[in-house]
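Working notes, structure below.
We count ligands from 1, going down the list as the structure has it; atoms in each ligand are counted the same way. Computed from a prediction, not measured in an experiment: that's the story for all the values here.
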Amino acid sequence: MSANEKKYDIEKIRKAHKVLKEFTYELKPVVRGYNDRTLHIDLATREIKIKPVPAEMKKKFIGGKGFDLKLLWDAVSGSTRWDSPENEICIATGPIAGNTNYPGSGKSIVTTISPETGIPIDCNVGGHFGPYLKFSGFDAMEIQGKSDREVIIFIDGNLGNVQIMEAPLEAVNSHVIAEQLHEMFAANEREKQHVSVVSAGAGAEHTWIGCLNFSYWDKRRKLPRLKQAGRGGTGTVFRNKKIKALVVKYSGLTGKSNNPVDMETLQKTGLKLHKEVINLDDKQCKMRTIGTAHLVEIMNDYDLLPTKNFRFGSHPEAVKLASWIWKERFTQNVPDGCWFGCTMSCAHGVDNFELKTGPYKGQKVLVDGPEYETVGGCGSNPAIFDPDAVIEINFYCDTYGIDTISFGTLTAFVMDCYENGILNQERCGGLEMTWGNWRAALELMHQMARGEKFGLIAGKGIKYMQGYFVKEYGADAQFLKDIGMQGKGLEQSEYMSKESLAQQGGFYLTNKGPQHDEAWLIFMDMVNNQIPTFEKKADALHYFPMFRTWFSLQGLCKLPWNDIEPADNAKHAEPNKVP
Ligand code: SF4
């Protein structure tokens, strides 16, 4: 294991900070999973205030995504665009979030109006920020307005203090700024785990596919780990507001911090689930050793792995991206949970990875992942079958704050356009965007991060490119519509859905665009054949989004609850619902 290479002077960076606004608040314990208040920050006026959470709001909106959408709804109007000052970044957990007795209870939900779709996007993300925000006193935070200079927002959850500070010298790219801020805001090595940082990166600044990185401190590796609120341009809005980072610091977490109503039942249920995960994961999913990348060979075998811009569902070379390849590269036997108490621990990492391209070329870094969607998007879909190239793309996507799914799907689209003569080297800023050319794909991403050449066009997503190629190059609009895998402006995530009516519905009936988290039905439909009739597919398209939304309202990760099935699951009347 290695540290990311340090090339900064932390004291110099700290000294350049100037507090622009400070706000103190009363510390109170969480009661039954709620603080009953949210934090509102306006970066234009620098006003910081607390809003109460009335009982009605809890009853109607529960928490998490519900609270986010309520706050966003109250803040914007029908004419609000993604870059309007009133657009907000909302971050919320939920009443169960932060509890360490259940596995997978550290999720935050981010919402904003998306640059890609023009409508609300929501993403759930691990890392410590959401739970620490909650135990610092807030069920949610909303950030409105635009700053006139680069800022950091710092919440000290032990002192009851919020600061907006000018931050001119910190890095922008996430793997560096996260490390800088964990170091800066912790008094000693031990305290680093009490800090969490939200950041974006240079790619988020110049594209519409920017993501947010939520950190947690990995005390074994002595480095921050990053989890992504990936879809729809959350990081783009963040950088448009000139936010370099959000930092929360909280110590004092215990198993009772969430102050639940019924501790005994909670512990009993948690224990049952921990046992199921430990006993069954290796037989069912191998999430503890490989993570979601275990899906690659299954999808390939069932003709569901997108290849060459969703033209095909499998490829002879896909074996080079199979789970055993990742298992060899992931460091094993380290606790890889993205929140305390997650026995599933699926957040794997590649240590000491030496970069071949870009501004950090030659450095050895820690890469989080890749997860299945990154392998499908940045590997098989653009026909890149070199696992080390996928790891490098994964690293740069994360540190630049670029969504791996959108990047993968749009790169496959660009390659398809190139192979069909719509694009050429000149139009692509000097890049030869042929199938499988991973160096060109990486250079495209570096162009996005530098805000130059073709990176500026491609970084706006497939929908934008479709219009641009018709207008500028006289391309056939119908052909581009046929090969551009986007809905509402959002790039489709990495499942072949043309033979799965259920997944096709799951993608294109969603509120936000074709992302699998609202209705991930591909496995039930095509692998397990649990919903064979039209009626069953329609029923799944109703209950699955309800079920997934419930997780997002609560601040829970669905993986330990849904992907690991109890040993007697098949005996239930409706095993597909994992009752
Ligand atoms: S299952 Fe994985 S993503 Fe979910 S909480 Fe656990 S470590 Fe995080």
>> Working note: W561 + Y102, criterion side-chain hydrogen bond (donor to acceptor under 3.5 Å, both in side chains); need CA distance, chi angles, decisive distance, verdict.
In response: CA-CA 10 Å; W561 297 80; Y102 289 147; over 6 Å; no
>> Less than 4.0 angstrom from a charged side-chain N to a carboxylate O is my criterion; do D388 and K320 meet it?
In response: no
> Does a side-chain N-to-carboxylate-O contact under 4.0 Å join D517 and R548?
Replying inline: no
>> Can you give me the closest heavy-atom contact between E494 and Q492, atom names plus distance?
In response: OE2-O, 3.7 Å
> Among all residues two or more places apart in sequence or in another chain, which pass the side chain to side chain donor-acceptor pair (under 3.5 Å) test with D262?
Replying inline: T265
> Tell me, which protein N/O/S atoms are under 2.8 Å away from atom 6 (Fe) of ligand 1?
Replying inline: C342 SG
> Do the side-chain N and O atoms of N124 and K65 include a donor-acceptor pair separated by under 3.5 angstrom?
Replying inline: no
